[in-house]
Amino acid sequence: MLKTDSPVLDTRFFNRPTLKVARDLPGKYLCRRIKGKILSQPLVEVEAYDGFDDKASHAHRGSTPRNAVMFGPAGYWYVYLCYGMHWMLNIVTGPSEYPAAILLRGAGEFSGPGRLTKALQINNTFNGKQVTRSNGLWVEDRGVTVPAKEVKRMPRVGVDYAGPVWTKKPYRFVWNAHA
DNA sequence: TAAGTGATCTCT
DNA sequence: GAGATCACTTAA
């Protein structure tokens with residue numbers, strides 16, 4: 001069988017404006033190695049959290065021990081526990097000192113950020129690790145290009161506390177064909 | 001619609 | 001230290 005070796009997305013992909021990265025993620029494959037077996041699913045839903053001013057972002061009040069990874073370089077995992085039981089999986093984007101990340105909300109059959117991490121057995125051991133194959137959790141470009149019209153932009157979920165402006169920002173990207 | 005769940009942040 | 005808050009899910 002052909003040895004495809006799909007390109008693994010790295011800093012070149014993630015170190016760009018957060019919204020552009022978020023728009024490009026649907027159709028890319030989230031890959032997870034568990035005990036030698038590789039599980040991969042196409043991303044279908046993501047949300048961008050971009051910069052100091054984004055009141056929905058953990059970073060809008062400045063750096064804390066939890067969100068420190070968001071202030072680091074692009075291409076690292078930011079994982080944290082929410083509501084006491086769900087791990088949220090994010091990829092840091094943009095340059096160092098600029099806090100931004102993209103929450104992965106759905107991939108393949110896994111719908112919902114908490115269910116996604118449960119299915120892929122992701123917890124805070126990934127926090128601060130690089131998005132690389134050697135770390136067992138990475139993203140591949142398998143040549144799937146999602147037409148712009150199939151990517152729907154809508155407001156983010158669960159961020160009503162952010163005030164009317166930031167709550168309504170269309171920072172959520174959903175791949176229609178798979179939603 | 002509401003409860004479960006526990007780390008984290010913001011006050012004292 | 002105490003209290004409030006949460007980038008959610010599930011069961012009714």
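In the text below, chain A, chain B and the rest are named by the order of the sequence lines, each starting its count at 1.
Taking all atoms of both residues into account, the shortest heavy-atom contact from A:K28 to A:F13 is CE-CE1, 4.2 Å.
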Pair assignment for DNA chain B - dot-bracket with | for other-strand partners, Watson-Crick or G-U under 3.5 Å: ||||.||||||.
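For the pair A:L116 CG and C:dT9 P, the interatomic distance rounds to 9 Å; values are reported in whole Å. The nearest whole Å value for the distance from the CD1 atom in A:I91 to the C1' atom in C:dA7 is 15 Å. A:H58 places its NE2 atom 9 Å from the C1' atom of B:dT8, with the value rounded to the nearest Å. When the C1' atom of C:dC8 is taken as reference, atom CG of A:L89 falls 15 Å away, rounded to whole Å.
At a cut-off of 3.5 angstrom, counting only N and O atoms as typed in the model, there is a donor on one side and an acceptor on the other between the side-chain of A:Y80 and the base of C:dA7.
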Enumerate all atom pairs, one protein N or O and one N or O from nucleotides 9-12 of chain B, separated by less than 3.5 Å.
{"from": "B:dC9", "atom 1": "OP1", "to": "A:T64", "atom 2": "OG1", "distance (Å)": "2.3"}

Polar atom pairs (N or O), protein with nucleotides 2-6 of chain B, under 3.5 Å:
{"from": "B:dT5", "atom 1": "O2", "to": "A:Y83", "atom 2": "O", "distance (Å)": "2.8"}
{"from": "B:dG6", "atom 1": "N2", "to": "A:G84", "atom 2": "N", "distance (Å)": "3.3"}
{"from": "B:dG6", "atom 1": "N3", "to": "A:G84", "atom 2": "N", "distance (Å)": "3.4"}

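Remark: A:R172 is not in phosphate contact with C:dA7, judged by side-chain N or O atoms under 4.0 Å from OP1 or OP2. Within the 4.0 Å cut-off from OP1 or OP2 of C:dA7, not a single side-chain nitrogen or oxygen of A:Y78 is found.
For A:D24 and A:R16, the salt-bridge test passes: some basic side-chain N is under 4.0 Å from an acidic carboxylate O.
In this structure, the ring of A:Y76 has its center no less than 6.0 angstrom from the ring center of A:Y78.
Of the residues listed (A:R23, A:R105, A:R156), the one engaging A:E47 in a salt bridge (Lys or Arg N to Asp or Glu O under 4.0 Å) is A:R105, and it is the only one.
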